[in-house]
Colleague: 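Please see the structure below; I have some questions.
Heavy-atom basis, side chains included; hydrogens, waters and symmetry copies ignored.
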Amino acid sequence: MRELLDAVAAGEVTPAEAEAELAGYATGEAGRFDATREQRSGVPEAVLADGKTPTEVAQLAATALSTTGRAIVTRADEAQAGAVRARLDEVAPAATLSWSERSRWLVAHGPEYERPDLDASVGVVTAGTSDAVPAGEAAMIVREMGADVERVDDVGVASLVRVVDQLPALREQDVLIVAAGREGALPTVVAGLVDVPVIGLPVSTGYGHAGEGEAALSGMLQSCTALSSVNVDAGFTAGTQAGLIARQIDDASGA
């Protein structure tokens with residue numbers, strides 16, 4: 001502990017970094033950031049922007065960057081993304097920042113941050129273009145966990161030939177995330193044609209009776225093929241589950 005305190009006094013370690021190392025989290029103006037979640041569970045901590053002000057999101061992102069070398073923000077709108085960019089320009093001008101306006105995620109890396117590199121590939125599949133928002137969130141977190149991502153888009157069951165055409169690519173993946181709205185049939189079809197784990201991602205497309213993803217979720221839970229399912233639009237959860245599987249595959253291949 002004395003070495004850590006000396007490092008803080010010398011300006012080599014920030015107080016936030018020291019707190020994170022000692023307590024496992026860092027406390028900032030907008031709340032506490034779980035700085036050791038990835039070491040503890042294998043899943044990177046992310047800042048959920050829903051319900052937070054732009055200033056709060058920016059403060060938490062700055063804390064994430066200072067304690068882990070990386071900031072991940074999900075469900076951020078344009079104002080929140082702009083606030084993060086402005087805050088990081090002020091406190092970490094050397095950081096790189098990526099922002100997806102459509103999928104509403106934001107990722108920043110410090111100049112010395114090295115992303116994990118797993119020997120595993122995750123396919124992220126969409127039934128239609130409308131499913132791209134949560135699928136994009138899933139793909140982002142898979143990449144941040146270190147696996148390769150193969151996108152296979154617009155292969156819904158309205159024309160089965162589309163997914164059949166892509167079967168060779170799907171069968172090459174180590175795990176698949178399959179996003180679908182409306183009745184949510186695509187994960188069931190894919191799971192019956194491949195021998196890799198399939199994670200169903202129901203999407204809140206569709207309308208009327210059992211719309212907003214309810215029918216899609218029910219269909220995936222009642223699937224007659226072997227698959228698992230996450231909640232409606234839960235791209236982050238689907239991505240982290242696939243990332244954890246990819247990490248186990250990487251560990252096994254290196255054994």
Side-chain angles (χ1 to χ4, degrees), residues 20 24-26 33-49 60-61 63-76 84 95-100 102-126 131-153 169-170 172-179 187 194 196-203 227-231 233-255:
Y25 60 84
F33 177 79
D34 186 352
T36 58
R37 183 182 184 189
E38 189 164 17
Q39 293 93 315
R40 187 178 68 248
S41 68
V43 175
E45 177 72 319
V47 177
L48 175 65
L60 286 166
T63 300
L65 192 68
S66 70
T67 54
T68 68
R70 172 178 63 184
I72 299 172
V73 179
T74 62
R75 311 297 172 94
V84 172
T96 61
L97 188 148
S98 301
W99 151 246
S100 170
R102 185 169 193 184
S103 291
R104 298 175 57 197
W105 57 256
L106 182 150
V107 175
H109 292 151
E112 298 181 0
Y113 180 80
E114 293 185 9
R115 191 164 58 188
D117 185 14
L118 303 179
D119 184 18
S121 181
V122 176
V124 178
V125 185
T126 62
D131 306 314
V133 174
E137 183 178 271
M140 175 275 292
I141 198 63
V142 168
R143 291 191 189 97
E144 288 303 308
M145 292 180 71
D148 294 328
V149 174
E150 178 73 21
R151 291 293 301 263
V152 178
D153 293 313
L170 297 180
E172 289 177 356
Q173 308 309 308
D174 295 303
V175 57
L176 295 170
I177 298 169
V178 184
V194 301
V196 302
V198 172
I199 300 169
L201 173 54
V203 182
L227 60 86
S228 58
S229 179
V230 299
N231 206 350
D233 290 338
F236 182 87
T237 304
T240 55
Q241 288 295 297
L244 290 171
I245 294 171
R247 191 177 65 170
Q248 293 299 314
I249 291 169
D250 177 78
D251 288 345
S253 66

Colleague: Is any side-chain heavy atom of Glu172 closer than 4.5 Å to one of Val196?
Modeller: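 Counting from C-beta outward, Val196 and Glu172 never come under 4.5 Å.
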Colleague: State, yes or no, whether a side-chain contact exists between Leu170 and Leu176 at a heavy-atom distance under 4.5 Å.
Modeller: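 Counting from C-beta outward, Leu170 and Leu176 do come under 4.5 Å.
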Colleague: Can you name the nearest heavy-atom pair linking Ala49 to Val73, along with the distance?
Modeller: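 Heavy atoms of Ala49 and Val73 come nearest at CB-CG1, 4.0 Å.
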Colleague: Over all heavy atoms of both residues, which pair between Ala120 and Asp174 is shortest? Give the atoms and the distance, please.
Modeller: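 Smallest interatomic distance, heavy atoms only, reads CA-OD2, 3.2 Å.
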Colleague: Where is the tightest heavy-atom contact between Pro44 and Met145, given as atom of each residue plus distance?
Modeller: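 It is CD-CG, 3.7 Å.
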Colleague: Taking the side chain from Thr68 and the backbone from Arg70, do they hold a donor-acceptor pair closer than 3.5 Å?
Modeller: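 Present.
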Colleague: Going by heavy atoms in the side chains, are Val107 and Glu144 under 4.5 Å from each other?
Modeller: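 Yes. Closest side-chain heavy atoms under 4.5 Å.
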Colleague: Rounded at 0.5 Å granularity, tell me how far CG in Asp119 sits from CG in Asp251.
Modeller: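 Separation between the atoms: 11.0 Å.
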Colleague: Does the side chain of Phe236 come within less than 4.5 Å of Leu48's, by heavy atoms?
Modeller: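 No, side chains not in contact.
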Colleague: Can you tell me how far apart OG1 (Thr237) and CD1 (Ile199) are? Round to the nearest 0.5 Å.
Modeller: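 Here the interatomic distance stands at 10.0 Å.
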Colleague: Heavy-atom distance under 4.5 Å between the side chains of Arg104 and Val133, does that happen here?
Modeller: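 Sidechains of Val133 and Arg104: no contact.
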Colleague: So do the side chains of Met140 and Ser100 get within less than 4.5 Å of each other, counting heavy atoms only?
Modeller: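 Of all side-chain heavy-atom pairs linking Ser100 with Met140, none is under 4.5 Å.
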Colleague: Quick check: are there more than 12 heavy atoms from other residues, nucleotides or ligands sitting under 6.0 Å from CD of Glu114?
Modeller: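 No.
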Colleague: Which heavy atom in Gly110 sits nearest to a heavy atom in Leu65, and how many Å separate them?
Modeller: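 Answer, listing the atom of Gly110 first, then Leu65: N-CD1, 3.5 Å.
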Colleague: Evaluate the side-chain proximity of Asp34 to Arg40: yes if any heavy-atom separation is below 4.5 Å, no if none is.
Modeller: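 Arg40 vs Asp34: side chains touch.
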Colleague: Has Gln173 got a side-chain atom pairing as donor or acceptor with Ala169's backbone, closer than 3.5 angstrom?
Modeller: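 Yes, Gln173 side chain to Ala169 backbone: donor-acceptor pair under 3.5 Å.
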Colleague: Rounded to the nearest 0.5 Å, how far does CD of Glu137 lie from CG of Leu201?
Modeller: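 One finds 9.0 Å between CG of Leu201 and CD of Glu137.
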Colleague: About how many Å separate CG of Leu244 and CG of Leu118, when rounded to the nearest 0.5 Å?
Modeller: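 It is 10.0 Å, given to the nearest 0.5 Å.
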Colleague: Do Arg247 and Asp250 have side-chain heavy atoms sitting under 4.5 Å apart?
Modeller: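 A side-chain contact is absent here, since even the closest heavy-atom pair is not under 4.5 Å.
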Colleague: On a heavy-atom basis, which atom in Val203 and which in Ala179 lie closest, and how many Å separate them?
Modeller: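 Val203 and Ala179 have their closest heavy atoms at CG2-CB, 4.0 Å.
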Colleague: Which distance, rounded to the nearest 0.5 Å, do you find between the OG1 of Thr240 and the CD of Glu38?
Modeller: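 The OG1 atom of Thr240 sits 11.5 Å away from the CD atom of Glu38.
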Colleague: Which atom names give the shortest non-hydrogen contact between Val122 and Ala147, and what distance separates them?
Modeller: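 Answer, listing the atom of Val122 first, then Ala147: CG2-CB, 4.1 Å.
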Colleague: From Leu60 CG over to Glu45 CD, what is the distance, rounded to the nearest 0.5 angstrom?
Modeller: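 If we round to the nearest 0.5 Å, Leu60:CG and Glu45:CD are 9.0 Å apart.
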